Amino acid sequence: MFSIFSKKRHPAAKLYEHYSEDEKLTILAILFLAGTCDNNLTSSSQQDEELYLLNQFVDIFEVNASRSQELLNSVGPENLLIRLKAFENSKIDFVLIMIMGMLQCDGSLNQEEVNFMVTVLDRLDISLEDFTKKMEMNKKMYVLSIISVIFLP
């Protein structure tokens, strides 16, 4: 039945239809860790930026945020990265872009955020040089994907 109170689907949700719910929850939990890794150094307005972006990902992934928090609490941060390492390489590349977006949404990277990213790359066995190359190439592809989903029927 049609409801006038139905929430409109986020245009970028199409990009993640081929991700499993478990993958989406894992990504969301990692993004939560990225957004909160520097809370002791950031203002409440900066934390609001991170929360806003995190909520955008919840809408895009079309999952329940509390289930992602439950996953984080049950498996822990280290196991989230083990789960991420099992993703297809193309999905890992997109997750790395999302993590960087989360880390940068409140301004320039601080030391806590750099440490977080270095830890993620280390656990994924990705060198900083390889990461930099991947980000330059994949960022362009990611932006083009989003534009095509939003503006093309």
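Everything quoted here is computed from the prediction, not taken from an experiment.
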Worksheet item: If you draw the axis of the six-membered ring of Tyr19, does the NZ or CZ of Lys91 fall within 45° of it and under 6.0 Å from the ring centre?
Response: yes

Item to complete: Answer yes or no: is there a donor N or O on one side and an acceptor on the other, between the side chain of Asn110 and the main chain of Glu113, under 3.5 Å?
Response: yes

Worksheet item: Quick one: CG on Leu121 to CD1 on Ile99, what's the gap to the nearest 0.5 Å?
Response: 8.0 Å

Worksheet item: Can you name the nearest heavy-atom pair linking Ile30 to Phe116, along with the distance?
Response: O-CZ, 4.0 Å

Discussion item. Whether the side chain of Glu23 engages the backbone of Ser20 through a donor-acceptor N/O pair (distance < 3.5 Å, no angle test) should be reported.
Written reply: yes

Response to the item:
CZ of Phe94 to CD of Glu88, rounded to nearest 0.5 Å, is 11.5 Å

Discussion item. I'd like to know whether CD of Glu17 has more than 12 heavy-atom contacts from other residues, nucleotides or ligands below 6.0 angstrom.
Written reply: yes

Item to complete: Supply the atom-to-atom distance Met98 CE to Leu54 CG, rounded to the nearest 0.5 angstrom.
Response: 12.0 Å

Worksheet item: When rounded to the nearest 0.5 angstrom, what distance separates CD in Glu21 from CG in Leu71?
Response: 10.5 Å

Discussion item. So for atom CZ, which belongs to Arg83, do other residues, nucleotides or ligands contribute more than 12 heavy atoms lying within a distance under 6.0 Å?
Written reply: yes

Fill in: Non-hydrogen atoms of Phe131 and Met100 that approach each other most closely
CZ-CG, 3.7 Å

Item to complete: Taking all heavy atoms of Gly35 and all of Glu50, pick out the closest pair and write down the distance.
Response: O-OE1, 2.7 Å

Worksheet item: Tell me, do Arg123 and Ile82 make a side-chain contact under 4.5 Å, heavy atoms counted?
Response: no

Response to the item:
For Thr26 and Leu84 the tightest heavy-atom approach is CG2-N, 4.4 Å

Worksheet item: Can you find a pair of side-chain heavy atoms, one from Ile97 and one from Met135, that are under 4.5 Å apart?
Response: yes

Practice prompt. Check the pair Ser127 / Asp130 against side-chain hydrogen bond (donor to acceptor under 3.5 Å, both in side chains), numbers first and verdict last.
Written response: CA-CA 5 Å; Ser127 72; Asp130 287 343; 3.3 Å; yes

Fill in: Side-chain touch Ile92/Val95, heavy atoms, less than 4.5 angstrom
no

Worksheet item: Could you state the interatomic distance from CD (Gln56) to CG (Leu31), rounded to the nearest 0.5 Å?
Response: 12.5 Å

Worksheet entry | Heavy-atom closest pair, residues Leu103 and Cys37 | CD2-SG, 4.0 Å

Worksheet item: Taking side chain as C-beta onward, heavy atoms only, is Met117 less than 4.5 Å from Leu96?
Response: yes

Worksheet entry | Phe87 side chain near Ile27 side chain, heavy-atom distance below 4.5 Å | yes

Discussion item. Checking the side chain of Asn55 only, and the main-chain atoms of Leu51 only, is there a donor and an acceptor separated by less than 3.5 Å?
Written reply: yes

Fill in: Donor-acceptor side-chain pairing of Asn64 and Ser66 below 3.5 angstrom
yes

Response to the item:
Residue set satisfying side chain to side chain contact (heavy atoms under 4.5 Å, CB included) with Ala29, at least two apart, ordered chain then number -> Ser68, Leu72, Leu80

Worksheet item: How many angstroms lie between OH in Tyr52 and CG in Asp106, if you round to the nearest 0.5 Å?
Response: 15.5 Å

Practice prompt. Establish, from distance only, whether the side-chain atoms of Asp93 and Ser90 form a donor-acceptor pair under 3.5 Å.
Written response: no

Item to complete: Check step by step if salt bridge (Lys or Arg N to Asp or Glu O under 4.0 Å) holds for Arg9 and Asp59.
Response: CA-CA 8 Å; Arg9 187 171 196 220; Asp59 288 346; over 6 Å; no

Fill in: N/O donor-acceptor pair under 3.5 Å between Lys85 side chain and Leu124 backbone
no

Worksheet item: Between Leu33 and Pro77, which heavy-atom pair has the shortest distance, and what is it?
Response: CD1-CB, 3.8 Å

